[in-house]
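One structure is given below, encoded as structure tokens.
Residues take their numbers from the sequence shown, with the count starting at 1.
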Amino acid sequence: MHTLGFSQDWDHEYKTMNPEYWGETQRSFVRMAERGYVYQDDHPVNWCPRCETAIADAEVETAEGGDGTLYYITFPGADDIEIATTRPELLAACVAMAVDPDDDRFADRVGDTFEVPLFGQEVELIADEHVDSAFGTGAVMICTFGDKQDVDWWAEYDLETRMVFTEDGRLTDAAGEYGGQPIEDAKAAIVEDLHRGGHLNRSEPTEQNVGQCWRCDTPIEILSREQWFVEVRQNEILETARDVEWIPGHMYDRLVEWTEGMEWDWVVSRQREFATPIPAWFCDECGHTHVAEEADLPVVPTDEDPAIGACPECGSDAWEGETDVMDTWMDSSITPLWVQGWPDTEFEPATLREQGHDIIRTWAFYTLLRVTALEEEIPWEDALINGMVSSG
């Protein structure tokens, strides 16, 4: 490091897993909750069935051009309709079907209902401009949840929720006789039963892009679970980012592209064993959620009751500590604050952030979000973004 001309001040060395550090992470969580950035909600989230935890969009990596199979399936009705899908294991989660409103093949069939083969629920055919009429048969099933488009349709049309995947990657009892089977095993069994029942017309190979967990490469699912979120205020982040000098300049464009492409808020709760505890408790009697007071930090909610004592809503003193922990980027995104002794010192932007281009979407983005929310200031004057350097 000396040979390369590094000039760190080692007095500011830190480890994010030290209680002193994650106590400040908790403080930032509490302050952002007070300012309306942090909230809890039951909402669809990216889920890794191997790690058995929610993950943020930034932790999803896309495997492009993979081998898949497109299955053509008949849905019975007054006039049968055929759909094409790569995921027949989601039939039990089907809550509607959709077609392009400009597709003449279905002009007189919108509003008709059809029966989902093998599972029997009745679903309505709707018209929506986001359907690609050139894909498959032009008719697609809407499931809860196959992808983010399904989530959008589910919300827009106020569709029911049929959760058929478990947190460890099996089918639930909502899938009937396939309940308890691993997803891939259930898929094979459903395809076989569709063929046996005369519902599977044909299949053909296709290329598909699959979202995977960045830690283990397991295909992600979308499950609806109660989680903690940080609101992503895109305009606020971009206004701050414009005041930073990006070196080279085109790296700023990458930050803008990622920010503008954010469809969901940042899910920050993780169902893991080791990380910064989320400083919150739930009243066993009335369900009231209590977020810790700053004066009580750091806290481990699973080991101690809140200092508030009785529940302010019902008076009960029976509390259950939050078992979820925080996304590791909740720790790393306050580094400019930590090295200056925040919150006991007045914050000034750091001179330089140097980092790899691969974590613009995480370290740079989350730091901009958090320092903007906490201090209404840029985190650093300059962002020096380097490429990936091999010593080989």
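No option in D103, D108, D102 other than D103 meets the salt bridge (Lys or Arg N to Asp or Glu O under 4.0 Å) test with R105.
Applying the side-chain hydrogen bond (donor to acceptor under 3.5 Å, both in side chains) test to D150 and every residue at least two apart in sequence or in another chain returns nothing. With sequence neighbours excluded, the residues satisfying side chain to side chain contact (heavy atoms under 4.5 Å, CB included) with E239 are R242. Residues satisfying the ring pair (Phe, Tyr, Trp, His ring centres under 6.0 Å) criterion with Y72, sequence neighbours excluded, are absent altogether. Scanning for ring pair (Phe, Tyr, Trp, His ring centres under 6.0 Å) contacts around F29 gives W228, with sequence neighbours left out. Among residues two or more places apart in sequence or in another chain, the ring pair (Phe, Tyr, Trp, His ring centres under 6.0 Å) test is passed with F145 by W154. A search for ring pair (Phe, Tyr, Trp, His ring centres under 6.0 Å) contacts involving F119 returns Y178, not counting sequence neighbours. In terms of the side chain to side chain contact (heavy atoms under 4.5 Å, CB included) criterion, residue partners of S203 (sequence neighbours excluded) are, by chain and number, T69, Y71. Among residues two or more places apart in sequence or in another chain, the side chain to side chain contact (heavy atoms under 4.5 Å, CB included) test is passed with R170 by T166, D168, P182. With sequence neighbours excluded, the residues forming a side chain to side chain contact (heavy atoms under 4.5 Å, CB included) with V140 are A98, V131, W153, listed by chain and number.
Using cut-offs of 30° and 60° for the angle between ring planes, the Y14 and Y21 rings count as parallel. Ring orientation note: the planes of F229 and Y39 are close to parallel, at an angle under 30° on the 30°/60° scale.
For the pair R27 and E24, the salt-bridge criterion is met [side-chain N within less than 4.0 Å of a carboxylate O]. Using a cutoff of 4.0 Å between basic side-chain nitrogens and carboxylate oxygens, E231 and R35 are not scored as salt-bridged.
For the pair I222 and V151, the minimum side-chain heavy-atom distance is below 4.5 Å. Residues F114 and P76 have side chains not in contact (no heavy-atom distance under 4.5 Å, counting atoms from C-beta outward).
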Throw together a table of side-chain donor-acceptor distances under 3.5 angstrom for residues 358-365, partners on residues two or more places apart or in other chains.
from	atom 1	to	atom 2	distance (Å)
R361	NE	A58	O	3.3
R361	NH2	A58	O	3.2
T362	OG1	I359	O	3.3
W363	NE1	S332	O	2.9

Return all side-chain donor-acceptor pairs below 3.5 angstrom for residues 208-215, not counting sequence neighbours, or 'none' if the list is empty.
from	atom 1	to	atom 2	distance (Å)
N209	OD1	G65	N	3.0
W214	NE1	E59	OE2	3.2

Only distances under 3.5 Å count here; give the side-chain donor-acceptor pairs of residues 297-321 to other protein atoms, sequence neighbours excluded, each with its distance to 0.1 Å.
from	atom 1	to	atom 2	distance (Å)
E304	OE2	V300	N	2.9
S316	OG	A318	N	3.0
W319	NE1	G309	O	2.6

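Although no hydrogens or angles enter the test, the distance criterion places a donor-acceptor pair under 3.5 Å between the side chain of Q121 and the main chain of C94.
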Problem set entry | side chain to side chain donor-acceptor pair (under 3.5 Å) between Q227 and S269, worked out | CA-CA 6 Å; Q227 302 287 339; S269 47; 2.5 Å; yes

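How far CD of E236 is from CG of L238: 10.5 Å, rounded to the nearest 0.5 Å. Distance OH/Y252 to CD1/I247: 15.0 Å, rounded to 0.5 Å.
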